[in-house]
Structure formats: structure tokens, C-alpha cells
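To find a chain, count down the sequence lines: A is the first, B the second, and so on, and within it residues start at 1. Just so it is clear, the values below take in all heavy atoms, side chains as well, and ignore hydrogens, waters and symmetry mates.
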Amino acid sequence: MSAPREAKKRTTRRKKDPNAPKRALSAYMFFANENRDIVRAENPGVTFGQVGRLLGDKWKALTDEEKQPYEAKHAADKKRYESEKELYNATKA
DNA sequence: ACTCTGATTGTTCGC
DNA sequence: GCGAACAATCAGAGT
């Protein structure tokens with residue numbers, strides 16, 4: 001536990017920081033980017049309800065090796081975020 | 001010092 | 001256009 005996102009109305013949050021250093025995308029984001037093509041291609045007709053859940057299920061189905069390409073993407077994106085962070089504390093200060 | 005929560009990221013789909 | 005499940009995540013804030 002640590003993040004009980006049960007009824008946490010999380011949707012299009014808002015920025016509270018001065019320059020809002022938006023975080024980096026998650027591995028899931030990259031994964032979804034490629035999966036949306038595959039999953040939907042393999043499951044023609046499945047709506048967000050199905051694909052969405054199926055996607056997450058498959059996501060974990062992958063192993064660290066599978067996630068590697070996605071994690072790598074996230075790592076690259078994270079660096080991008082670092083730039084924001086830098087400018088953030090640089091501007092905010 | 002340690003912990004936690006909040007904020008954020010992108011997809012799909014329908015209305 | 002937005003909201004909502006799906007998952008990750010990271011950093012700052014609070015205790």
C-alpha cells in the first residue's frame with residue numbers, strides 16, 4: 001500500500017508549481033503507444049473497456065526484458081524531464 | 001530521518 | 001473535449 005487510488009478522483013490534474021516541471025512519461029505510456037496498435041489489431045472491436053484492461057494485463061505479462069524497451073524509453077523521457085526540473089528550480093528560484 | 005501523497009503521463013472509447 | 005480504468009513514476013512535501 002502507499003497509494004490507495006480507490007476513489008481518488010485523478011483526472012487531468014492541475015499544476016501547482018510555478019513552471020510545472022511535468023514529470024516524464026511512464027513505461028506504460030510507451031508501452032501503450034506500441035500496444036495500442038498491436039492490442040487493437042489483435043482485438044478488433046474491443047473497446048477501451050476491454051483493451052484498456054487487457055492492455056494492463058499484458059503489460060505486466062511482459063517481463064523486465066520486455067519492459068526494457070519501454071523502460072528505456074521512459075529513461076530517455078526522464079532525462080527530458082530533468083531538463084524541465086533544472087529550468088524549474090532555476091526559474092522558480 | 002523517514003514516509004507518504006500528490007501530481008503527472010499517454011492510450012483507447014463513447015457521448 | 002473529457003472523463004475514466006490501466007500502470008508507472010518521480011519528486012516534493014509533510015511528519
Ignoring backbone atoms, test whether A:Arg40 places a side-chain nitrogen or oxygen under 4.0 Å from the OP1 or OP2 oxygen of B:dT12.
-> no
Between A:Thr47 and A:Asp77, the residue closer to the 5' end of DNA chain B by nearest nucleotide is A:Asp77
Between CZ of A:Arg80 and P of B:dT8 the distance, given in whole Å, is 19 Å
Looking just at side-chain N and O atoms, do A:Glu86 and A:Ser83 make a donor-acceptor pair shorter than 3.5 Å?
-> no
Side chain of A:Lys78 (C-beta onward), nearest among C:dA7, C:dA11, B:dG10 | C:dA11
More than 12 heavy atoms of other residues, nucleotides or ligands under 6.0 Å from CZ of A:Arg40: is that the case?
-> no
Can you say whether the rings of A:Trp59 and A:Tyr28 are parallel (under 30°), tilted (30 to 60°) or perpendicular (over 60°)?
-> perpendicular
Between C:dA7 and A:Lys60, is there an OP1 or OP2 to side-chain N/O distance shorter than 4.0 Å?
-> yes
Ignoring backbone atoms, establish whether A:His74 has a side-chain N or O less than 4.0 Å from OP1 or OP2 of C:dC10.
-> yes
How is A:Tyr70 classified with respect to the nucleic acid when contacts are heavy atoms under 4.0 Å: base, sugar-phosphate, or nothing?
-> nothing
Provide, to the nearest angstrom, the distance between the CD atom belonging to A:Glu71 and the C1' atom belonging to C:dC10.
-> 14 Å
How many Å lie between CE on A:Met29 and P on C:dA5, as a whole number?
-> 15 Å
Toward the 5' end of DNA chain C, by each residue's nearest nucleotide, A:Gly56 or A:Glu82 | A:Gly56
Per nearest nucleotide of DNA chain C, the residue lying toward the 5' end, A:Ser26 or A:Phe48, is A:Phe48
Within-4.5 Å side-chain heavy-atom neighbours: A:Leu54 and A:Val46 | no
Could you give the angle between the helix axes at the two ends of the helix from B:dA1-C:dT15 to B:dC15-C:dG1, with five pairs per end, rounded to 10 degrees?
-> 40°
Would you say A:Tyr81 and A:Leu25 make side-chain contact, with heavy atoms under 4.5 Å?
-> no
In whole angstroms, the gap separating P of C:dC6 from CG of A:Leu25 amounts to 20 Å
Nucleotide C:dA11, atom P - distance to CD of A:Glu86 in whole Å = 13 Å
Which nucleotide in the set B:dT9, B:dT11, C:dC10 lies at the smallest distance from any side-chain heavy atom of A:Asn33?
-> B:dT11
Any idea which heavy atoms bring A:Pro69 and A:Glu65 closest together, and the distance?
-> CD-O, 3.2 Å
Compare side-chain N and O positions of A:Arg36 against OP1 and OP2 of B:dT12 and report whether any pair is under 4.0 Å apart.
-> yes
In whole angstroms, how far is the P atom of C:dA4 from the CD atom of A:Gln50?
-> 19 Å
Minimum heavy-atom distance A:Glu71-A:Asp64, with the two atoms named = OE1-O, 4.3 Å
Nearest to the side chain of A:Lys22 - C:dA7, C:dA11, B:dT9?
-> B:dT9
Stepwise salt bridge (charged side-chain N to carboxylate O under 4.0 Å, His left out) check, A:Lys78 with A:Glu82 | CA-CA 6 Å; A:Lys78 186 176 163 273; A:Glu82 276 184 48; 3.8 Å; yes
Length of the line joining A:Phe30:CZ and B:dT12:P, which is rounded to integer Å = 15 Å
Rounded off to whole Å, could you give me the OH-to-C1' distance for the A:Tyr81 and C:dA8 pair?
-> 14 Å
